[in-house]
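Ligands are counted one by one from 1 in listed order, and the atoms in each one are counted from 1 as well.
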Amino acid sequence: MNRREAETRAAELRSRIAHHRKRYYVDDDPEISDGEYDRLERELGEIEARYPDLQAPDSPSLRVGGEPAEGFESFRHRTPQLSLDNAYGEEELEAWQTRLLKVVDDAAATFMVEPKIDGLSISVHYRNGVLERGVTRGDGEVGEEVTSNVRTIRSIPLRLTRPLPFVEVRGEVFMPRSSFDELNRARADAGEAPFANPRNAAAGSVRLLDPRITASRKLDCFFYTLAEIDGEALPQRHHEQLALMKELGFRINPRNELCSDLDGVRDYVRRLEPDRHALGYEIDGAVIKVDELELRERAGFTSKFPRWAIAFKFPAEQATTVVQDIAVQVGRTGALTPVALLEPVPVAGTTVSRATLHNEEEVARKDVRVGDTVLIEKAGEIIPQVIKVIESKRPADAVAFAMPDACPECGAPAVKEEDEVARRCSNSPIACPGQRKEAILHFASRAGMDVEGLGDALVEQLIKAELVRDPADLFVLEEEPLAALERMGKKSAANLLAQLELAKARPLHRLLFGLGIRHVGVRSARLLASAFRSVEALSAAGEETLVEQPEIGPKTAAAVSAYFAEPVHRDLIERLRKAGVSLEDEGEAEPAPSSEGPLSGKVVVITGTLDGLSRSDAKKRLEQAGARVTGSVSKKTDLLVAGESPGSKLDKARDLGVEVVDTAGLEALLAAD
Ligand code: IVH
């Protein structure tokens, strides 16, 4: 390729890259795969490396970050970057509107409502359509020039779709949850201190002197203010400004909505809050802005804030408190989980007094000690987490934690198997009271024997009253003692007994899953049931026979054979038989699960981090249930499985009306007959 040809090709590549960048980041509707897009950028980079004079100021090769800087230059904003007054709760929101109406004697204001992204605000300038400068907010008057770092953020355009003489926009740079988790994992592996939250991580990344590191941090940006435009009239309504910004190539939040009155605003914030953990990035509320510029002018400012906008804040989800003790809980599989017992503290509307510490490695990594002050977070349904220790507040007598080497419930040795992080109680689930409750709940669960009405509180009572020690005891329960339990009564007791009667005839795979044999999930229970057809045949099969079965690995084979070798388990099975529980499948053999599964023919997309299930395992199991798993959401998608931090796929699925389930919903679908 000679220089002339290179120049032509570079121009063509630039315009194609600009087009696809907009399709991806702004329109959220890519036409090509990520790989194809990367190839375009790479080809342009190669041409520019050969002919450096062809490198333009808007070259995507600049996204990788240039040489480190010595420090940042200060830059005085052309107009001050304001901040907002806050409203905590709907009452304060109403008070804001009342104040507004006093100065703007016009009830016809409409409101633009936008998610309040928890990142750092930034101002970006474009001259003749090309990115010229990026400036942090700073104190609102003077910020720092961070242009080289801003260039590395792919959702910020390097060139606008039109070469307007001058444009200034403002927006929020943030770190998506998934990038944040990935970054903190990498930092932990490297022995570096993790960031406390995505906002700190984003702010730290934008202010790094080495833009190559910023480039590796996977930042993102939504724009929300058109501060200045030259060469075109400024639209007189905020929503029109946002539309113009989008047209110019800026990423605008798809959750923004125009509301005709305060009822609409209330409805919006009520809908937004429950979704906050599914967005894939942190928000701490919503920003409400008067849409009409003319009304904004009339409303004006207080000494500190614009009167025409307010930040509606959701309750804080982080708090600091003191670790009073570290307890150890025993789960269904015997796994010991350290739990921080906290001085009770209000977080996001409830009082938190416990937080999981996951496992001993995690306690050691975070170095949590009894007496420490810790930062905790409660995100959505998830159990509160200890984010970090505030080391400056550590008392001299703080006590380091040591995992016990015996089960705290039954005293049996707690052992750690190779390649596992959890230490486990080595006792059988029946002999250890800690495992008992969880084991019975698992037995009765939807994917197991599906006993309706047998919930957490009832199982706890049954164990306490010594009516039930293991699953077989359920089937010899009598009405009278049952009816005497708290919140039970005669009718509920009779209902439960009827449900248990029904459960006796459940297919074998449900029983096998319900027994809680290690490594036997829904899928392997089905495979084992269809291969052996009875508990008797299965328990007689040796490890060698088991491992010969399709899809049964050595771990599962060993666990199954070890399970049936235990006298307590043989006794359990015998008592189940005596109680009339079916231990075999009758009639025609059920075919092994195949493409004829419960999701046969369905097109499924997975997004976000699934709870306790790796993405590849989820994919495998979906495929085994007959589904086809694809990468992007389209009209053809039947189902979206959304874990934590699901990102834009969830928005798209919602827009298209695609059914969405979480990890528990997925388990239920996979367990369906
Ligand atoms: S508008 C005068 N819109 O919240 C209006 N701000 O507390 C200025 N923020 O400094 C801001 N999302 O960093 C606006 N959709 C949004 C926002 C937003 C997040 C941040 C921004 C601002 C702070 C105000």
Side-chain angles (χ1 to χ4, degrees), residues 77-88 92-93 96 100 109 111-124 134-144 146 150 153 155-156 168-176 197-207 219-228 234 237-239 241-243 245-246 250-259 265 268-269 272-273 275-276 279-293 295-314 316 651:
H77 291 291
R78 295 167 66 104
T79 48
Q81 275 216 39
L82 303 170
S83 71
L84 299 175
D85 199 1
N86 294 323
Y88 297 92
E92 293 189 19
L93 184 64
W96 167 72
L100 176 73
F111 302 106
M112 191 72 194
V113 198
E114 308 172 1
K116 185 173 186 303
I117 300 143
D118 202 6
L120 74 149
S121 68
I122 192 117
S123 155
V124 193
V135 189
T136 61
R137 177 175 183 276
D139 63 5
E141 301 278 342
V142 177
E144 286 175 319
V146 287
V150 163
I153 303 171
S155 49
I156 298 183
E168 182 190 346
V169 288
R170 292 172 183 177
E172 198 85 353
V173 171
F174 61 94
M175 187 175 285
N197 54 49
R199 186 194 49 231
N200 289 2
S205 303
V206 166
R207 298 189 63 261
L219 297 166
D220 203 340
C221 185
F222 280 121
F223 289 94
Y224 46 68
T225 300
L226 181 56
E228 205 177 321
L234 183 72
R237 303 215 20 192
H238 180 62
H239 78 272
Q241 295 182 355
L242 293 175
M245 286 160 69
K246 184 165 178 178
F250 295 107
R251 188 155 134 84
I252 308 296
N253 199 315
R255 294 291 302 245
N256 295 352
E257 271 180 38
L258 192 61
C259 302
V265 174
Y268 177 96
V269 296
L272 184 64
E273 191 173 357
D275 288 353
R276 66 184 289 194
L279 293 173
Y281 51 86
E282 303 279 296
I283 61 171
D284 57 353
V287 180
I288 298 128
K289 306 170 181 177
V290 169
D291 195 51
E292 295 85 356
L293 257 55
L295 290 183
R296 287 189 183 185
E297 265 161 38
R298 277 165 49 196
F301 299 83
T302 67
S303 58
K304 283 202 249 155
F305 307 113
R307 285 202 190 86
W308 45 264
I310 189 119
F312 178 90
K313 297 287 279 278
F314 295 145
D651 295 332

Participant: For atom 11 (C) of ligand 1, what's the nearest protein heavy atom and its distance?
Facilitator: Tyr224 CE1, 3.9 Å
Participant: Backbone or side chain, does any N or O of Trp308 fall under 3.5 Å from an N or O of ligand 1?
Facilitator: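 No, since none of the N or O atoms of Trp308 sits under 3.5 Å from an N or O of ligand 1.
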Participant: Roughly how far apart are Ser155 OG and Phe222 CZ, rounded to 0.5 Å?
Facilitator: 8.0 Å
Participant: Would you say the side-chain atoms of Glu228 and Thr79 include a donor-acceptor pair closer than 3.5 Å?
Facilitator: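 Result is no, nothing qualifies.
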Participant: Give a yes or no on this: more than 12 heavy atoms of other residues, nucleotides or ligands lie within 6.0 Å of atom CZ of Arg78.
Facilitator: yes
Participant: Out of His238, Arg255, Lys116, Lys289, who is nearest to atom 4 (O) of ligand 1 when you count heavy atoms only?
Facilitator: Lys116
Participant: Side-chain donor-acceptor pair under 3.5 Å between Ser121 and Gln81, yes or no?
Facilitator: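 Side-chain D/A pair, Ser121 to Gln81: present.
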Participant: Specify the protein heavy atom at minimum distance from atom 8 (C) of ligand 1: its residue, its atom name, and the distance to 0.1 Å.
Facilitator: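 I find the closest protein heavy atom is Leu82 O, 3.9 Å.
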Participant: Do the side chains of Arg296 and Lys289 get nearer than 4.5 Å, heavy atoms only?
Facilitator: yes
Participant: Would you mind checking which non-hydrogen protein atom is closest to atom 13 (O) of ligand 1, with the distance to 0.1 Å?
Facilitator: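 Nearest neighbour among protein heavy atoms for atom 13 (O) of ligand 1, to 0.1 Å: Glu172 OE1, 2.7 Å.
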Participant: Any nitrogen or oxygen of Glu114, side chain or backbone, less than 3.5 Å from one on ligand 1?
Facilitator: yes
Participant: Any side-chain heavy atom of Ile122 sitting closer than 4.5 Å to one from Val146?
Facilitator: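 Contact flag for Ile122/Val146 side chains = yes.
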Participant: Measure the distance from atom 5 (C) of ligand 1 to every protein heavy atom, then report the residue, atom name and distance (to 0.1 Å) of the closest one.
Facilitator: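 The closest heavy atom on the protein side is Leu84 CD2, 3.7 Å.
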Participant: Are the side chains of Val290 and Glu292 in touch, meaning some heavy atoms are under 4.5 Å apart?
Facilitator: yes
Participant: Do Ile117 and ligand 1 have an N or O pair less than 3.5 Å apart?
Facilitator: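 Yes, there is a polar N/O contact under 3.5 Å.
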Participant: Taking a cutoff of less than 4.0 Å between a non-hydrogen atom of the residue and any ligand atom, is Arg170 in contact with ligand 1?
Facilitator: no
Participant: Which is closest to atom 10 (O) of ligand 1 by heavy-atom distance: Gly171, Ser121, Pro115, Gly285?
Facilitator: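 Minimum heavy-atom distance to atom 10 (O) of ligand 1 goes to Ser121.
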